[in-house]
Amino acid sequence: MPKSLISIHDFTKEEILHILDVAREFEQNKSQRILQDKVVATLFFEPSTRTRLSFETAANRLGARVIGFSDAGNTSVSKGETLKDTIKMVSNYVDIIVMRHPLEGSARYASEVASVPVINAGDGANQHPSQTLLDLYTIRQTQGRLDNININMVGDLKYGRTVHSLLQAMSHFSPKFTFTAPSELKMPQEYKDFLDKKNIPYTERLELDKGIAETDILYMTRVQQERFSDPMEYEKVKNVYSLTASMLDNAKPNMKILHPLPRVTEISQDVDDTPYAYYFKQAENGVYVRMAIIAYLLGYK
Ligand code: CP
């Protein structure tokens, strides 16, 4: 079975650091057409702006061709074709598959039936490892290091696949966590058990304005309407946090605000003009990191 990226655990600490170094090379030299004979499939069974477009930009900058879909409703899935048959078919056309799917575990399953590497571009509330690698890249870019970072994760920590993957990846680097969430959206116990086993400290908070002063990285997340089965539960928590510029008065000078995006109401527009806002540059970094992931899984770099 070819090497895939389904969970952040599929890469060792050394591989993670290698990807970040290669991504830095791509940021310095943005077009390297080393994959001119390759075809990349982007199969998006769930909406996306950044992940799909940055993977497609990455493939184009590497000289590869891209095929795929952004709406499975226009494919034979709508006629009842299974995920297994779809992946086996696409494997015969391309050299690597990037897939987003709403079902947890679907990306692992796809990697087991595919004959080419699969990159998980998000599977339900489970994992989003390429986002994690770009988050790590951005943390290192802004803080000059990955070790001993104080990360405050805010918002939907229950369903947020980006915070789950980031927590696991940061465990290599002696972090200290603050989890800021309403009781309905707390970090799941399995992730807290994971930290306990590794003796990594964390604090849980309800209020956003408490704890900003000690934070190096304020990792904001959206409350994801699409993950709630009960609309009333979503209504209760949808506007639970809203970060405004006036809440940043006591922030460390080099504190940076990250967000996987899209945002809704959790970061006010006035934060965009502060020196703490880094989420748009973070999204740009996705191109360089995804170039590095594609090249690495195809045996280049
Ligand atoms: N960060 C992220 O996954 O964004 P998209 O949903 O727009 O791809």
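Counting starts at 1 for both ligands and their atoms, in listed order. Computed from a predicted model, the values in this text were never measured in an experiment.
- Here the CG atom belonging to Leu136 is positioned 6.5 Å from the CD1 atom belonging to Ile8, to the nearest 0.5 angstrom.
- Counting only residues at least two apart or in different chains, side-chain hydrogen bond (donor to acceptor under 3.5 Å, both in side chains) contacts with residues 175-187 comprise Asn152-Thr180.
- Listed as neighbours of ligand 1 are Ser48, Thr49, Arg50, Thr51, Arg100, His128, Gln131, Pro260, Leu261, each bearing a heavy atom under 4.0 Å from the ligand.
- Under a hydrophobic clustering in which Ile, Leu, Val, Met, Phe, Trp and Tyr are joined whenever their side-chain heavy atoms come within less than 4.5 Å, directly or via other members, Ile257 and Leu166 fall into different clusters.
- Qualifying ring-ring contact (aromatic ring centres under 6.0 Å, His included) partners for His164, counting only residues two or more places apart in sequence or in other chains: Tyr191.
- With sequence neighbours excluded, no residue forms a side-chain hydrogen bond (donor to acceptor under 3.5 Å, both in side chains) with Glu190.
- Ring geometry for Tyr296 against Phe11 counts as perpendicular: the plane angle is over 60°, on a 0 to 90° scale with 30° as the lower cut.
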